[in-house]
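Below is one structure, written out as structure tokens; comments come after it.
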Amino acid sequence: SLLAQKSILTDTSLLVQKSILTDTNILTQKSILTDTSQLVQTSLHWVSGQKLQAQKQFLLAILEYNRLLYEFPEYPSKNRVYLRLAQCYDSIKQPEQAHRFYEEALQSTPKGEPLAQWLLLLNARNHIAQGKFAPALAELFSLDTPKLNNEQADIYHLLAAVAHHHLGSTHLCKQHLLQLDVDGERIAEYERSISASERPNPNAALIMSAILPGAGQLYSGFKREALNSFAINAIFLTLTARSIRYAGTLDLIVAVLPWFQRYYVGGFNRASILARQKQMKKKLDGIEQVLRSIPDGRIHALNENALLN
């Protein structure tokens, strides 16, 4: 009887162990299948996003990358997905959205990784595209410059030169241009263009138009604007003279003051704006001429596709 009980217990134990092993194997297989399925799905979203991006279907690519992030929140290479999203938004001319994803990519990339240097350069370029030159320099100052490779160093000097140029730091701009092997004569031309860009003076244009409507526009080189301002203000003065003769003071204020604000005050403010625009154009022409003279092979486009492969 004891032997029979021992035998039954032993058989039962073996059955339980077999059952546990079988269940464990099934669970392991299920886990492997689930992991494999997730891997396939993430790969499909990633490859599909890349393909659509290469075909310039940026909105569809954005959809695929967002689906990847939504369905797999623990995806290990989020920084590269964020970078892809930033690229797509840059391509459809939405720099603010692009900036958001450059920041996300930076935050999810360890500082020691080579990609972090590229991301800082890309973010600096994004700031420059938005006309935010001080934040662009802040990104460039965050770079570990001794560790930049040759291509990164050239892009760094180019972006820094453009940012310093727009912030009025001609000397610093010149230093970065020299690092790009820009010809000395081109540098001298650039300095001359900066001196020339100080004219027309916006304050002088404003005062001239306040004294004689249209004079500030003419001084800045905008002949049609000058003629329009002079003609409109001449009509305005004629109406004012007639109002003084045939209407009372209250009627004069009600009828004439709005036109006075719009055309006379607006005219000399417009003269100042046009002068600034002329200055900016001269500055842009100066820096563009210098950048065109950079030797071939020194500057390459920021090839984001190469970064991600």
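A distance of 8.0 Å separates CZ in Arg67 from OG in Ser48, rounded to the nearest 0.5 Å. For the atom pair CG (Asn66) and NE2 (His45), the distance works out to 11.0 Å, reported to the nearest 0.5 Å. If you take OG on Ser91 and NZ on Lys56, they are separated by 7.0 Å, rounding to the nearest 0.5 Å. Leu274 contributes atom CG, which lies 5.0 Å from atom CD of Glu225 (distance to the nearest 0.5 angstrom). Atoms CD and NZ, on Gln217 and Lys223 in that order, are 14.0 Å from each other to the nearest 0.5 Å. The distance from atom CG of Leu60 to atom CD of Gln53, rounded to the nearest 0.5 Å, is 12.0 Å.
Using a distance-only test at 3.5 Å, with no hydrogens or angles considered, no donor-acceptor pair links the side chain of Tyr219 to the main chain of Ala271. Using a distance-only test at 3.5 Å, with no hydrogens or angles considered, no donor-acceptor pair links the side chain of Asn126 to the main chain of Leu122. Judged by distance alone, the side chain of Lys78 and the main-chain N or O of Pro73 form a donor-acceptor pair under 3.5 Å. Glu139 contributes no side-chain N or O that, together with a main-chain N or O of Leu121, makes up a donor-acceptor pair within less than 3.5 Å. Ser142 contributes a side-chain N or O that, together with a main-chain N or O of Ala138, makes up a donor-acceptor pair within less than 3.5 Å.
Tyr102 has its side chain within reach of Asp90: a pair of non-hydrogen atoms, C-beta onward, lies under 4.5 Å apart. A heavy-atom distance below 4.5 Å is not found between the side chains of Leu140 and Leu120. Leu83 has its side chain within reach of Leu115: a pair of non-hydrogen atoms, C-beta onward, lies under 4.5 Å apart. Between Phe101 and Val81 there is no side-chain heavy-atom pair separated by less than 4.5 Å. Side-chain contact between Tyr89 and His99: absent, with no pair of heavy atoms (C-beta onward) separated by less than 4.5 Å. Side-chain contact between Gln55 and Lys51: present, with at least one pair of heavy atoms (C-beta onward) separated by less than 4.5 Å. Side-chain contact between Glu64 and Leu52 is present, with at least one heavy-atom pair separated by less than 4.5 Å. Using a 4.5 Å heavy-atom threshold, the side chains of Leu85 and Leu69 count as touching.
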Side chain to side chain contact (heavy atoms under 4.5 Å, CB included) for Gln175 and Leu178? Distances and angles first, verdict last. CA-CA 5 Å; Gln175 285 183 350; Leu178 288 171; 5.5 Å; no
Please report the C-alpha distance between Arg270 and Ser229 in whole Å, then the side-chain angles of each, then the deciding distance to 0.1 Å, and finally whether the side chain to side chain contact (heavy atoms under 4.5 Å, CB included) criterion is met. CA-CA 10 Å; Arg270 177 71 176 158; Ser229 181; over 6 Å; no
Please determine whether side chain to side chain contact (heavy atoms under 4.5 Å, CB included) holds for the pair Arg224 and Asn228, giving the CA-CA distance in whole Å, both sets of side-chain angles, and the decisive distance to 0.1 Å. CA-CA 6 Å; Arg224 177 180 280 185; Asn228 285 344; 3.9 Å; yes
Leu159 and Leu137: side chain to side chain contact (heavy atoms under 4.5 Å, CB included), yes or no, with the steps? CA-CA 8 Å; Leu159 296 175; Leu137 284 178; over 6 Å; no
Which is it for His176 and Tyr156 under the ring pair (Phe, Tyr, Trp, His ring centres under 6.0 Å) test, yes or no, and what are the steps along the way? CA-CA 9 Å; His176 287 288; Tyr156 160 72; 5.7 Å; yes
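In the hydrophobic cluster analysis, where Ile, Leu, Val, Met, Phe, Trp and Tyr join through side-chain heavy atoms closer than 4.5 angstrom, Tyr82 is grouped together with Phe72. When the side chains of ILVMFWY residues are joined at heavy-atom separations under 4.5 Å, either directly or via intervening members, Leu148 and Ile128 end up in a single hydrophobic cluster. In the hydrophobic clustering of this structure, Ile92 does not group with Leu63; members are Ile, Leu, Val, Met, Phe, Trp, Tyr whose side-chain heavy atoms approach within less than 4.5 Å, directly or through other members. Linking Ile, Leu, Val, Met, Phe, Trp and Tyr whenever their side-chain heavy atoms come within less than 4.5 Å puts Leu143 and Phe133 in one cluster. No continuous path of hydrophobic side-chain contacts links Leu227 to Ile273 [ILVMFWY only; heavy atoms under 4.5 Å].
Annotation for Glu151 and Asn149: closest pair N-OD1, 3.2 Å, computed over non-hydrogen atoms. Across Ala215 and Ser209, no two heavy atoms sit closer than the pair N-OG, 3.9 Å. Closest approach of Tyr65 and Arg84 over heavy atoms only: OH-CD, 3.4 Å. Contact record, Leu106 with Ala116: CD2-O, 3.9 Å, taken as the closest heavy-atom pair. Across all their heavy atoms, Lys147 and Gln152 have their closest contact at O-OE1, 4.3 Å. Of all the heavy atoms in Ala124 and Ala136, the pair that sits closest is O-CB, 3.6 Å.
Remark: the Asn79 side chain and the Thr109 side chain contain an N/O donor-acceptor pair separated by less than 3.5 Å. Checked by atom type, the side-chain pair Glu103/Asn123 shows a donor-acceptor distance below 3.5 Å.
Note that Lys278 lies in the cation-pi zone of Phe222, set by a 6.0 Å cut-off to the ring centre and a 45° limit from the axis. Remark: Arg80 fails to qualify as a cation-pi partner of Trp46 under the 6.0 Å distance and 45° angle criteria applied to the six-membered ring.
Ser220 pairs with exactly one of Ser272, Pro200, Pro202 by the side-chain contact (heavy atoms from CB on, under 4.5 Å) rule, that one being Pro200.
Shown here is Phe230, whose CZ atom has no more than 12 heavy atoms of other residues, nucleotides or ligands within 6.0 Å.
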